2 protein chains.
Amino acid sequence: MKRVTPSRSEFAQLLGRTAQAFGVPPSVGQIYGLLYLSDRPLSLDEIADALDLSKASASVGARQLEALHAVRVSSKSDDRRDYWEASLEPQEVLQKMMSSVLAPRLANAHNRLEGLVDLMRAERESGVLSGEEFTVCQQRLQLLIAKTQQFKTWLPVVERFVR
Amino acid sequence: MKRVTPSRSEFAQLLGRTAQAFGVPPSVGQIYGLLYLSDRPLSLDEIADALDLSKASASVGARQLEALHAVRVSSKSDDRRDYWEASLEPQEVLQKMMSSVLAPRLANAHNRLEGLVDLMRAERESGVLSGEEFTVCQQRLQLLIAKTQQFKTWLPVVERFVR
DNA sequence: ACTTGCGTTCAGTTTTTTCTGAATCAACCC
DNA sequence: GGGTTGATTCAGAAAAAACTGAACGCAAGT
């Protein structure tokens, strides 16, 4: 890790571990951390150099962050390099992540649950599932479905509060 | 995966993948899923058998879930086995997880950030950091700290809304 | 048309995480 | 005390994920 002060490097490491805790690769968190404390946009080579990463990792990591709306890429004229900078306001990043990854995931989960309800009905009819078991399962699945629905409607509100 | 109907097994798998997406081992999610759709508490052997896991995994997974307040363990008299059941009301599980894992993590992050602020001040004084850089970093770190604080105060409210 | 300098892709390696089997521990019964 | 049956621990295997170097593609400059 070159050309970066200890405090910034430590911040990057902290964000790396935090990202990891949420299932995001450490390198991705590190990149965001580096950019967040940078007073100017950085090129891929600078990122890779500062964080001791291969340029390949820097590239995919930065693109992932872009997909999460956590960073922006821009380019100077007369310089073919891409320059990356963090979008400030972390809350906004969170909000974007909620709507762009949590929400679709929720929708998907919802569909699968609905499918399961049907499947279970079929199992009941073919006798694989006793009436007793069937009612319990059905009940709990419906509860879960209701909750995901509810959560979906509250999501925008929560986003607003968190901001 | 024996002694479990397709729909229930699929549900367990779904929860396994979901857990994984949040950085929790799949087996842990699977166990919760199995218990959630069970009409009675299950023993470790039943869990391991149903999910094709070793008893060791079943044991540690169940204990992890217990730590997250997602399951309860009980024992019948005249039977030395432990019996596990999911705590229903998934929202409550979420809420407990927020207060018992998210909140401490937040507090910890907060402390580390404060430490970084000090470290940066030292770097400024020793000239490692230019005045320009220093102000930018300081500013952004403070913003972040403020936001984590804010988030901490809103957490209980969000919990209540989600419920 | 050739070279240079950039970002990206991808196959293979390294690292990390998860899972397992065997050993251990603990309660209970005889 | 010895045997049985359950849970837990732990070292190592297996699997998954992250990362890398080398090759590639592409645009701009010569």
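All values reported here derive from a predicted model rather than from experimental measurement.
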Starting at [atom1] of [X] and ending at [atom2] of [N], how long is that distance when rounded to a whole Å?
{"X": "A:Asp82", "N": "C:dC6", "atom1": "CG", "atom2": "C1'", "value": "8 Å"}
{"X": "B:Glu66", "N": "D:dA7", "atom1": "CD", "atom2": "P", "value": "13 Å"}
{"X": "A:Leu44", "N": "D:dG21", "atom1": "CG", "atom2": "P", "value": "15 Å"}
{"X": "A:Arg17", "N": "D:dA18", "atom1": "CZ", "atom2": "C1'", "value": "17 Å"}
{"X": "B:Trp84", "N": "D:dA7", "atom1": "CH2", "atom2": "C1'", "value": "10 Å"}
{"X": "B:Ile47", "N": "C:dC19", "atom1": "CD1", "atom2": "C1'", "value": "16 Å"}
{"X": "A:Asp78", "N": "C:dC6", "atom1": "CG", "atom2": "P", "value": "12 Å"}
{"X": "A:Asp49", "N": "C:dG7", "atom1": "CG", "atom2": "P", "value": "14 Å"}

Could you pull out the closest heavy-atom pair between B:Leu116 and A:Ser7, with the gap in Å?
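Closest heavy-atom pair between B:Leu116 and A:Ser7: CD2-O, 3.6 Å.
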Quiz item: Is any side-chain N of the basic residue among B:Arg8 and A:Glu123 closer than 4.0 Å to the acidic one's carboxylate O?
Solution: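 Salt bridge flag = no for A:Glu123 with B:Arg8.
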Is a donor on one side and an acceptor on the other found under 3.5 Å between the side chain of A:Arg72 and the backbone of A:Glu85?
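Answer holds: no.
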Please pick, from [options], the nucleotide with the shortest atom-to-atom distance to any side-chain atom of [X].
{"X": "B:Pro26", "options": "C:dC19, D:dA7, D:dT20", "value": "C:dC19"}
{"X": "B:Arg63", "options": "D:dT20, D:dA7, C:dT18", "value": "D:dA7"}
{"X": "B:Asp45", "options": "D:dT8, D:dA18, D:dA7", "value": "D:dA7"}

- Task: Please name the residue in the list A:Lys55, A:Lys76, A:Arg63 that meets the salt bridge (Lys or Arg N to Asp or Glu O under 4.0 Å) test with A:Asp82.
- Result: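 Result for salt bridge (Lys or Arg N to Asp or Glu O under 4.0 Å) with A:Asp82: A:Arg63.
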Please compare A:Val60 and A:Arg80 by the position of their nearest nucleotide in DNA chain D and report the one closer to 5'.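 In this pair, the answer is A:Val60.
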Tell me which of B:Asp79 and A:Pro25 sits closer to the 5' end of DNA chain D, going by the nucleotide each one is nearest to.
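Nearest nucleotide further toward 5': that of B:Asp79.
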Using a cut-off of strictly less than 4.0 Å, decide whether [X] has a side-chain nitrogen or oxygen near OP1 or OP2 of [N].
{"X": "B:Gln20", "N": "D:dA17", "result": "yes"}
{"X": "B:Ser27", "N": "C:dT18", "result": "no"}
{"X": "A:Ser57", "N": "D:dT20", "result": "yes"}
{"X": "A:Ser54", "N": "D:dT20", "result": "yes"}
{"X": "A:Arg81", "N": "C:dC6", "result": "yes"}
{"X": "B:Lys55", "N": "D:dT8", "result": "no"}

- Are any of the side-chain heavy atoms of A:Gln142 and A:Val117 separated by less than 4.5 Å?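 A:Gln142 vs A:Val117: side chains touch.
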